[in-house]
Amino acid sequence: AEPLRTFTSHKVHVTKLRYHADMHGVISTDRKGLLEVWDPETMETPGGARWKYKSDTDLYELAKCKTTALSIDVSPNGEFLACVCADKMIRIWRCHTGKLYKKIDETTAAVQLGQQDASLRLDPIDFGRRMAVERDMEAARDKDLDVALPNAVFDQSSKLLLFPTHVGVKVMNLIENKIVRIIGKPEANERFLGLSLFQGSVDKRKQAQDSDLDPLLVATSFNKPRFFMFTKRSPDNSGEEGSSRDVFNEKPPKDLALLGMGGASSKSLLGKGATIHTNMGDITIRLYGEECPKTVENFCTHSRNEYYNGTIVHRVIKSFMVQMGDPLGDGTGGQSIWGGEFEDEFHRSLRHDRPFTVSMANAGPGTNGSQFFITTVPTPWLDNKHTVFGRVVKGMDVVQRIELTKTGKDDKPVDEINIVNIRIHNEVPSAK
């Protein structure tokens with residue numbers, strides 16, 4: 001079929017479209033951040049627009065800031081246009097004038113400043129974990145701009161704007177210019193993205209009273225196949241079958257499904273690298289699963305199971321090494337994924353012949369548990385005594401900063417250094 005009309009103002013890939021009923025206009029944006037408002041019949045500026053020239057508006061804002069819109073939403077009263085942007089700003093325009101009405105700053109600097117606000121403050125470990133998820137989300141979007149897309153939604157009054165952030169879904173009163181509620185803040189393992197809001201009565205035959213209204217917010221989450229629903233109703237604590245919260249309603253990950261079917265071996269689940277997210281920065285290591293499969297399996301499984309999350313770097317010796325991985329935090333705790341200890345795996349190609357070697361801590365032959373250390377100098381006297389299972393490929397500066405931290409009794413850092421979480425990679429990590 002032949003197209004009826006073609007709008008040609010966009011010169012690059014169009015990413016988002018939204019129809020504005022009151023203006024009888026289409027709002028569109030592209031990869032370059034160009035915003036256009038046009039009548040779908042005439043291909044010209046719609047009659048509801050109160051500008052003569054586009055230069056009289058702020059519709060060039062995104063292009064000027066060299067960013068793009070990840071979403072477009074129009075308020076129910078047709079007054080406002082909101083865009084969640086790639087530079088972590090939420091911008092709101094007045095639709096009829098094209099003038100910028102408000103900018104909401106959700107950049108990393110603003111988020112860190114928000115830690116001083118009691119309503120936004122998170123536990124430092126929780127905050128670090130959520131920031132690690134933000135970095136993972138940015139990395140995913142750098143590879144493909146069409147993934148991990150957040151959006152903002154207006155409520156029926158057009159006075160409230162809901163948008164997802166690291167701390168949950170923020171609800172902003174646009175008139176009073178303040179956050180009036182945060183939805184989903186306790187969900188520490190979720191980074192909400194796509195939002196949809198229902199406010200009304202499911203029975204269209206009668207007009208609902210305010211007391212009958214049960215607003216429903218539906219949200220997706222980064223890297224999760226499930227969706228979440230938030231209401232004003234209290235949870236059902238009756239204990240009856242089907243009344244509990246169901247979070248196991250999606251298919252298992254492909255690798256675990258294959259394992260359950262006997263279609264994959266534990267070898268295929270070994271990571272080839274890992275990023276240790278700490279409150280002092282990220283350390284990326286390459287793992288040697290071929291040479292020491294049991295040690296790497298132990299490390300990867302503990303990491304995936306969040307065993308290391310929140311543990312501290314409990315021992316630092318300058319010009320030697322930094323040690324971590326003990327849930328007790330004093331060098332006496334930790335066990336393997338099999339319970340207890342497991343044997344050493346020495347390999348002639350993996351020696352303590354250079355700095356930034358990742359090796360298992362132990363209390364003698366065959367006593368490996370969960371603790372490991374990273375050397376900061378060559379330590380050949382440890383060969384055939386400790387299992388080398390990785391090398392740092394990126395974040396050497398972070399290791400060096402940890403090495404130089406002030407320590408107290410038992411070589412423990414005075415200021416806590418935490419492992420936020422450890423992300424396992426299925427590809428050999430690059431040093432770039």
Side-chain angles (χ1 to χ4, degrees), residues 129 132 252-256 258-260 262 264-278 282-315 321-352 356-375 379 382-393 395 399 417-429:
R129 183 184 299 117
K254 184 177 179 181
D255 52 1
L256 295 182
L258 287 173
L259 185 62
S265 66
S266 60
K267 180 179 179 181
S268 67
L269 299 180
L270 298 183
K272 296 183 179 179
T275 298
I276 305 172
H277 298 293
T278 79
D282 296 345
I283 304 168
T284 301
I285 64 176
R286 177 180 178 179
L287 299 173
Y288 296 96
E290 291 288 337
E291 292 82 356
C292 39
K294 197 161 187 177
T295 306
V296 172
E297 181 182 359
N298 181 69
F299 177 80
C300 291
T301 303
H302 268 331
S303 299
R304 291 187 176 113
N305 291 340
E306 302 182 355
Y307 185 86
Y308 293 122
N309 292 12
T311 60
I312 64 172
V313 176
H314 63 269
R315 190 178 179 213
M321 61 87 204
V322 299
Q323 188 169 330
M324 59 199 83
D326 177 10
L328 297 182
D330 59 7
T332 65
Q335 62 179 5
S336 73
I337 60 174
W338 303 281
E341 302 165 338
F342 67 98
E343 66 274 13
D344 299 309
E345 291 181 302
F346 304 134
H347 195 279
R348 63 178 181 274
S349 67
L350 297 174
R351 320 296 285 176
H352 297 82
F356 308 113
T357 293
V358 187
S359 188
M360 290 297 292
N362 61 43
T367 59
N368 299 289
S370 65
Q371 296 184 45
F372 61 96
F373 61 91
I374 303 173
T375 66
T379 55
L382 300 180
D383 289 341
N384 297 322
K385 294 180 181 178
H386 296 267
T387 301
V388 174
F389 67 97
R391 308 273 193 200
V392 177
V393 296
V399 177
I417 303 170
N418 304 104
I419 293 179
V420 177
N421 65 6
I422 300 179
R423 181 187 176 195
I424 301 299
H425 307 290
N426 294 324
E427 301 295 331
V428 177

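Computed from a predicted structure; not experimentally measured.
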| query | Side chains of His352 and Ser359: is there a donor and an acceptor less than 3.5 Å apart? | reply | yes

| request: Examine the side chains of Thr367 and Glu341 and answer whether a donor and an acceptor come within less than 3.5 Å of each other. | output: no

| request: Side-chain contact test, heavy atoms from C-beta onward, threshold under 4.5 Å: evaluate it for Ile417 versus Ile312 and give yes or no. | output: no

| Arg351 side chain reached by Val388 side chain, heavy atoms, under 4.5 Å | no

| note | So CG of Asn368 and OG1 of Thr387: to nearest 0.5 Å the spacing works out to 5.0 Å

| task | Please check if the distance between the ring centroids of His386 and Phe346 is under 6.0 Å. | result | no

| Is the side chain of Gln371 donor-acceptor paired with the backbone N or O of Gly331 at a distance under 3.5 Å, no angle test? | yes

| Does Thr284 reach the main-chain N or O of Val393 with its side chain, forming a donor-acceptor pair under 3.5 Å? | no

| request: Return the minimal non-hydrogen interatomic distance between Phe372 and Ile276, and the atom names on each side. | output: CE1-CD1, 4.0 Å

| request: Report the C-alpha distance between Arg391 and Val358 in whole Å, list the side-chain angles of each, state the deciding distance to 0.1 Å, and finish with yes or no for side-chain contact (heavy atoms from CB on, under 4.5 Å). | output: CA-CA 5 Å; Arg391 308 273 193 200; Val358 187; 5.7 Å; no

| field | Under 3.5 Å: donor-acceptor pair, side chain of Tyr308, backbone of Ser370 | value | yes

| task | Output the distance between atom NZ (Lys272) and atom CD (Glu427), rounded to the nearest 0.5 Å. | result | 5.5 Å

| Counting distance only, does the side-chain N/O of Asn418 pair as donor-acceptor with the main-chain N or O of Val420 below 3.5 Å? | no

| field | Side-chain touch Phe373/Val322, heavy atoms, less than 4.5 angstrom | value | no

| said: Does either side chain, that of Asp282 or that of His277, offer a donor lying less than 3.5 Å from an acceptor on the other one? | reply: yes

| field | Interatomic distance, Thr295 atom OG1 to Glu345 atom CD [nearest 0.5 angstrom] | value | 3.5 Å

| said: So which atom in Ile422 and which in Ala274 form the shortest heavy-atom distance, rounded to 0.1 Å? | reply: CG2-CB, 4.0 Å

| field | Rounded distance (nearest 0.5 Å) linking atom CD1 of Ile424 with atom NE2 of His302 | value | 11.5 Å

| query | Looking at side-chain heavy atoms only, is the closest gap between Asn298 and Phe342 below 4.5 Å? | reply | yes

| remark: Separation between OG (Ser336) and OH (Tyr307), nearest 0.5 Å, reads 8.5 Å

| Heavy-atom pair of closest approach, residues Gly273 and Pro429 | CA-CD, 3.7 Å

| Pair Glu343 + Lys294, salt bridge at N-O below 4.0 Å | yes

| task | Output yes when a side-chain donor or acceptor of His347 lies under 3.5 Å from a complementary backbone atom of Ser349, and no otherwise. | result | yes

| Leu350 side chain near Phe389 side chain, heavy-atom distance below 4.5 Å | no

| message | Do Lys385 and Thr379 make a side-chain contact, defined as non-hydrogen atoms from C-beta onward lying under 4.5 Å apart? | response | no

| field | Leu382 side, atom CG; Met321 side, atom CE - distance, nearest 0.5 Å | value | 9.0 Å

| said: Working note: Val313 + Thr278, criterion side-chain contact (heavy atoms from CB on, under 4.5 Å); need CA distance, chi angles, decisive distance, verdict. | reply: CA-CA 9 Å; Val313 176; Thr278 79; 5.8 Å; no

| message | Looking at every heavy atom in both Leu287 and Cys300, which two are closest together, and how far apart are they? | response | CD1-SG, 3.7 Å

| Considering all heavy atoms, the nearest Asn421-Ala132 contact | OD1-CB, 3.9 Å

| field | Exercise: identify the closest heavy-atom pair between Asp326 and Asp330 | value | OD2-N, 3.1 Å

| query | Side chains of Asp344 and Asn362: closer than 4.5 Å at any heavy-atom pair? | reply | yes

